[in-house]
Amino acid sequence: MKTRVSTSTLIKKGYPRGLVFDKIKRLQDHPKFMPDVRSVQILEQGRDTGASEWDVDIDGCPLNWKERDTFDHDNFVFEFRTIEGDFEMFDGRWEVLDAPDGVRVVFTVEYLVGIPVIEDIIGPILKAKIEKNTQKMLDSLRDEVENTDVEGIEAAAEIAASM
């Protein structure tokens with residue numbers, strides 16, 4: 001049976017959706033600020049699609065998978081679909097949404113272990129661990145964004161545009 005987990009975080013005002021989305025899209029940087037992500041290897045990279053391999057540790061449980069990635073730049077949505085790995089299915093999306101007091105990032109994942117006996121035994125424990133891990137991941141993203149010098153980025157963009 002598929003299990004769905006959805007978590008979110010609020011990034012305070014002053015950080016544009018595009019900046020937040022760019023941080024999310026830079027998958028190779030996730031291990032630098034997300035403690036449970038041990039490594040991300042980029043297998044294919046295009047503007048709108050790609051593929052990546054993830055190696056994470058959720059409370060001492062190592063997990064690995066490969067995914068197909070799709071980036072919707074107009075709507076600030078990143079969707080992924082597992083193509084191989086420890087889960088029969090591990091598909092989800094990141095959404096960067098405008099909110100009255102900032103930018104809300106919503107992370108949703110649906111997964112299927114694929115072995116009914118294991119799902120019955122560890123299902124509730126795994127769901128709790130994934131919820132805790134994804135919230136920690138979003139909080140780490142929020143901290144990373146909020147430590148970014150937005151004014152410096154905007155100034156650099158203006159200089160680049162004038163050249």
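FYI, side chains are in, hydrogens and waters are out, and symmetry mates aren't considered; it's all heavy atoms of this structure. We number each residue from 1, following the sequence as shown.
Atom CD of E95 sits about 12.5 Å away from atom CZ of F76, to the nearest 0.5 Å. We find the CD-CG distance between Q41 and L43 to be 5.0 Å, quoted to the nearest 0.5 Å. The NZ atom of K136 lies 14.5 Å from the CD atom of E131; values are rounded to the nearest 0.5 Å. Rounding to the nearest 0.5 angstrom, the gap separating the CZ atom in R142 from the CG atom in L138 is 9.0 Å. Atom-to-atom distance recorded for I11:CD1 and E146:CD is 6.5 Å, nearest 0.5 angstrom. Between the NZ atom in K132 and the CG atom in D36 there is a gap of 8.5 Å [rounded to 0.5 Å].
Of all the heavy atoms in R4 and K127, the pair that sits closest is O-CE, 3.7 Å. Contact record, V56 with R38: O-NH2, 4.0 Å, taken as the closest heavy-atom pair. Among all heavy-atom pairs drawn from L27 and S52, the shortest one is CD1-OG, 3.7 Å. Minimum heavy-atom separation, Y15 to V145: CE2-O, 3.2 Å. In terms of heavy-atom proximity, S39 sits nearest to P31 at CA-CG, 3.8 Å.
Considering only heavy atoms from C-beta on, T9 stays 4.5 Å or farther from L141 through its side chain. At least one side-chain heavy atom of E44 sits under 4.5 Å from a side-chain heavy atom of R68. You'll find the side chain of F90 stays beyond 4.5 Å of the side chain of L63, heavy atoms only. Within the 4.5 Å cutoff, the side chain of F71 has heavy atoms near those of the K25 side chain. Side-chain contact check for V96 versus V103: some heavy-atom pair is nearer than 4.5 Å. In this structure, the side chains of Y111 and V5 come closer than 4.5 Å at one or more pairs of heavy atoms. Contact annotation: the side chain of R81 approaches that of I83 to within less than 4.5 Å [non-hydrogen atoms, C-beta and beyond]. Side-chain contact between S6 and V106: present, with at least one pair of heavy atoms (C-beta onward) separated by less than 4.5 Å.
The backbone N or O of D69 lies less than 3.5 Å from no partner atom in the side chain of E79, so there is not a single donor-acceptor pair. Judged by distance alone, with hydrogens and angles left aside, the side-chain atoms of N147 form a donor-acceptor pair with the main-chain N or O of D143 at under 3.5 Å. At least one donor-acceptor pair closer than 3.5 Å links the side chain of K13 to the backbone N or O of P100. A donor-acceptor pair is defined here as one N or O able to donate and one able to accept, closer than 3.5 Å; such a pair exists between the side chain of D72 and the backbone of D74. Of the possible donor and acceptor atoms, one in the side chain of D91 sits under 3.5 Å from a partner among the backbone N and O of T82.
Hydrophobic clustering (side-chain heavy atoms under 4.5 Å, transitive across Ile, Leu, Val, Met, Phe, Trp, Tyr) groups F87 together with W54. Both L19 and F78 are part of a single hydrophobic cluster, where members link through side-chain heavy atoms under 4.5 Å apart.
We find that R17 and D98 are joined by a salt bridge, their nearest charged nitrogen and carboxylate oxygen being less than 4.0 Å apart. Using a 4.0 Å cut-off between charged nitrogen and carboxylate oxygen, D29 and K32 count as a salt-bridge pair.
No donor-acceptor contact under 3.5 angstrom links the side chains of D86 and N64, judged on distance only. Using a 3.5 Å distance cut-off with no hydrogens or angles, the side chains of T49 and T70 do not pair a donor with an acceptor. In the model, W65 has no side-chain atom that pairs as donor or acceptor with a side-chain atom of E53 under 3.5 Å. For the residue pair T108/R93, the side-chain donor-acceptor check at 3.5 Å is not satisfied.
Between W94 and F107, the ring planes are perpendicular. Angles over 60° get that label, and only those under 30° would be called parallel.
For F33 and H30, the gap between ring centers is short of 6.0 Å.
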